[in-house]
Amino acid sequence: MDSIIVEELTRDQARAELARLSDVLAQANDAYHGADAPEISDAEYDRLKLRNAAIEARFPELKRSDSPSDQVGAAPSSGFGKITHAVSMLSLGNAFEDEDVAEFAQRIRKYLGLDASENVQFTAEPKIDGLSLSLRYESGKLVHAATRGDGSTGENVTDNACTIDSIPQEISDAPDVLEVRGEVYMSHADFEALNVRQTEAGEKVFANPRNAAAGSLRQLDSKITKSRPLRFFAYAWGELSTPLAQTQMGAIEKLASFGFEINPLTKVCDGPTSLVAHYRTIEAQRATLGYDIDGVVYKVDRLDLQARLGFRSTTPRWAIAHKFPAELAWTRLEAIDIQVGRTGALSPVARLAPVTVGGVVVSNATLHNEDYIAGRDSKGVEIRGGKDIREGDWVQVYRAGDVIPKIADVDVTKRPDGAAEYAFPATCPECGSDAVREEGDAVRYCTGGIICPAQAKEKLKHFVARKGFDIEGLGAKQVEMFYEDSELPIREPADIFTLARRDADNGLTKLKNRHGWGAQSASKLFEAIEEKRKIAFGRMLFALGIRHVGEAAAKDLALHFGEWHFLKEAAEGARAAALAWRAADEAEEAERIAAAREGRRGRIKETRDGAMARCAVPMGSKVAWEDLVGIDGIGASVAMSLTDAFANTHERAAIDRLVNELEIAPPEAPSQESPVAGKTVVFTGSLEKMTRAEAKARAESLGAKVAGSVSRKTDILVAGPGAGSKAAKAAELGIKILDEDGWLALIEGL
DNA sequence: GTGCCTCGAGTTCC
DNA sequence: CTCGAGGCAC
């Protein structure tokens with residue numbers, strides 16, 4: 001019966017299948033916990049569990065009281081395996097106006113150092129509104145297909161991709177390694193027909209072709225995917241053993257010769273004017289194309305120029321997406337709610353009468369902050385013509401970047417009588433503490449700290465999130481539940497690691513007797529927690545959720561200090577210097593304001609030095625502060641935040657309690673073999689063969705220290721084109737200077 | 001001081 | 001995904 005797809009099960013079959021799955025899964029659970037029943041693989045377990053959930057979704061009335069879906073802590077991770085892309089799948093920068101296109105072309109000319117007489121050609125093609133897919137062929141055979149995922153790792157959907165007609169499973173005369181990238185989509189006609197079939201079968205209908213395509217490609221049962229009419233346009237590539245061509249257009253034509261469908265509206269243009277002209281042509285045909293597009297993509301045609309232009313952190317410099325104007329819809333704003341984030345930031349959210357915009361029903365929209373509601377942007381410039389937003393207003397909604405709902409306009413003529421200007425709360429709606437907004441800040445923050453339940457809960461959610469401790473079975477929902485719990489509460493991170501101990505005081509009975517929990521789910525959670533008791537330094541620091549200490553800063557700090565107690569000592573030691581710095585900063589700010597008021601030029605430098613001096617900072621503290629802000633990527637505000645965290649009695653105590661429970665693993669010791677191990681390296685100018693982030697990560701993995709500025713301690717300066725004062729200073733100090741190729745040759749041992 | 005570029009934080013919907 | 005702001009180069 002396992003072979004019958006869920007959509008084809010009869011009622012009786014479904015009932016029997018649910019009984020069988022409940023049995024098999026219960027046995028699997030026992031096996032997992034050491035009983036002597038036969039074991040099944042994790043993947044199989046997840047598959048069965050998903051099948052169970054799918055049947056329950058189709059026949060809710062047949063759901064069993066002992067349903068495996070209700071077992072907490074044993075949730076399936078995902079039915080698909082992960083695939084790491086050999087070459088990451090990046091997103092594109094956006095252009096909205098014609099002048100953005102001209103700027104894009106101009107930027108490229110400038111970067112390449114071209115003069116007016118030299119021409120750059122581009123390709124222009126419709127941007128298909130579907131999902132991107134990467135197909136890997138080895139010796140002409142399709143070996144796997146992966147979704148974009150987060151850009152570096154996607155899901156393995158090979159079986160499903162094989163069901164798509166326009167994806168060849170074998171290619172003759174292909175390079176040994178060929179990764180083809182393109183868009184999976186569904187045509188309007190196929191989408192309509194599918195929804196008719198869905199309605200007839202009593203299944204849910206899809207909101208738009210994109211969702212239908214996404215839902216179909218991510219079916220665990222490829223038989224379902226096969227029944228869905230998906231199509232594929234090829235437009236790019238990843239890893240290649242031999243180049244496809246010398247131009248973008250040539251490469252696309254080559255893909256067509258391999259048997260892929262390419263978009264017929266792809267065209268070579270010789271500059272921004274003809275790009276925009278082709279954009280208008282495509283826009284005019286939009287309604288009759290038969291599939292959804294959301295803009296036009298422009299790429300530099302010559303591949304050697306693409307290589308020279310390279311990448312910024314997340315986007316290529318040589319391509320841009322020219323988006324069509326966003327769809328707009330009018331609806332009524334029912335209320336303005338305030339949410340409190342983990343940093344205490346108060347964010348207003350608009351509750352809307354549900355409205356369809358861009359094929360999706362929207363009922364919330366972000367309102368950013370106080371000024372945005374009042375009709376001003378961050379620089380105090382009027383937006384929406386200076387119209388403020390009030391509860392009860394008719395508002396025009398759009399989805400920024402086709403995702404985030406925002407408010408474009410307000411119809412003041414329809415404003416209800418007596419609607420008052422929105423009064424942003426001056427106290428936290430969750431805990432009642434004062435909510436303050438610092439001069440120059442856009443955001444108002446709750447001052448309750450960990451006293452505020454909203455902040456505490458959000459901090460805990462951040463702590464257990466995927467990039468933090470990532471404890472299986474302890475997600476946002478469970479955190480909410482445990483926070484409110486009176487018997488076994490989790491109110492701070494350390495509580496997670498004392499949970500089993502606290503339950504043990506009662507013979508491990510508290511958790512397993514709770515509704516929705518059993519002996520198995522309880523012990524599974526305890527095991528998952530134990531697994532994370534040993535944790536990487538950087539991950540742990542990030543999980544703490546200290547303001548301004550994100551993933552990158554946490555990693556930098558962990559690498560610099562290596563051990564927790566060194567970081568702790570620096571953060572504590574730097575306190576006096578940090579306070580002096582803050583005092584100086586405030587004095588400077590006050591002086592600037594006073595100077596502006598009196599219409600004179602402030603003697604800022606002097607005020608600042610005076611304030612620093614008055615604080616009489618001990619030498620040791622100055623050294624600790626310099627140690628912190630001397631780290632590449634760590635500035636005064638991150639350092640300030642760190643010393644704040646360690647100086648706050650409550651926070652400090654909570655951190656200590658947590659550290660006592662953990663085994664913090666130092667960052668991986670960088671290899672000592674490499675020619676740059678232990679050397680301090682500085683990158684300057686623009687890098688052409690790698691992004692700064694890549695260069696830095698690579699150097700660090702080889703044991704080098706990457707600094708931001710040249711000093712006597714610098715060993716090597718890597719200078720790209722456009723290097724300025726740093727190169728001069730390095731030369732002056734007699735420091736070894738390499739160009740990018742020289743550096744690569746050094747680290748690759750050539 | 002100005003102008004990139006990245007990172008951090010917050011957000012929605014499936 | 002977008003915005004704001006931190007960090008850094010010029």
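Just so we're clear, the structure is a prediction, and the values are computed from it rather than from any experiment.
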Q. Do the ring centers of A/Phe104 and A/His322 come within less than 6.0 Å of each other?
A.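 No - the distance between ring centres of A/Phe104 and A/His322 does not fall below the 6.0 Å cut-off.
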Q) So, do A/Phe206 and A/Phe191 have ring centers that fall under 6.0 Å from each other? A)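 A/Phe206 vs A/Phe191: aromatic centres not under 6.0 Å.
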Have a look at [X] and say if it touches a base, only the backbone sugar-phosphate, or nothing, with a 4.0 Å heavy-atom cut-off.
X: A/Val443; value: nothing
X: A/Ala365; value: nothing
X: A/Ala345; value: sugar-phosphate
X: A/Ala207; value: nothing

(Q) For A/Ala636, give me all partners under side-chain contact (heavy atoms from CB on, under 4.5 Å), at least two apart in sequence or on another chain. (A)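 side-chain contact (heavy atoms from CB on, under 4.5 Å) list for A/Ala636, sorted by chain: A/Trp581, A/Trp625.
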(Q) Checking A/Ala345 now: which residues fulfil side-chain contact (heavy atoms from CB on, under 4.5 Å) with it, not counting sequence neighbours? (A) A/Thr343, A/Val443, A/Tyr445
Counting only side-chain nitrogens and oxygens, does [X] get under 4.0 Å of the OP1 or OP2 atom of [N]?
X: A/Arg342; N: B/dA9; result: yes
X: A/Thr366; N: B/dT12; result: no
X: A/Gln339; N: B/dG10; result: no
X: A/Asn364; N: B/dT11; result: no

Grab the [atom1]-[atom2] distance between [X] and [N] for me, whole Å please.
X: A/Ile546; N: B/dA9; atom1: CD1; atom2: P; result: 10 Å
X: A/His548; N: B/dG10; atom1: NE2; atom2: P; result: 10 Å
X: A/Asn208; N: B/dC13; atom1: CG; atom2: C1'; result: 11 Å
X: A/Asn94; N: C/dT2; atom1: CG; atom2: C1'; result: 10 Å

Out of [options], which has the shortest distance to the side chain of [X]?
X: A/Ala552; options: B/dG8, C/dC1, B/dC13; value: B/dG8
X: A/Val360; options: B/dC14, C/dG6, B/dG10; value: B/dC14
X: A/Ser637; options: C/dG6, B/dT11, B/dC13; value: C/dG6
X: A/Pro405; options: B/dT12, B/dT11, C/dG4; value: B/dT12

Q: Could you say whether A/Glu551 or A/Asn211 is positioned toward the 5' end of DNA chain B, judged by the nucleotide with the nearest heavy atom to each?
A: A/Glu551
Q) Between A/Arg384 and A/Tyr372, is NZ or CZ placed under 6.0 angstrom from the six-membered ring centre and within 45° of the ring axis? A)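 Yes - A/Arg384 lies over the ring of A/Tyr372, closer than 6.0 Å to its centre and within 45° of its axis.
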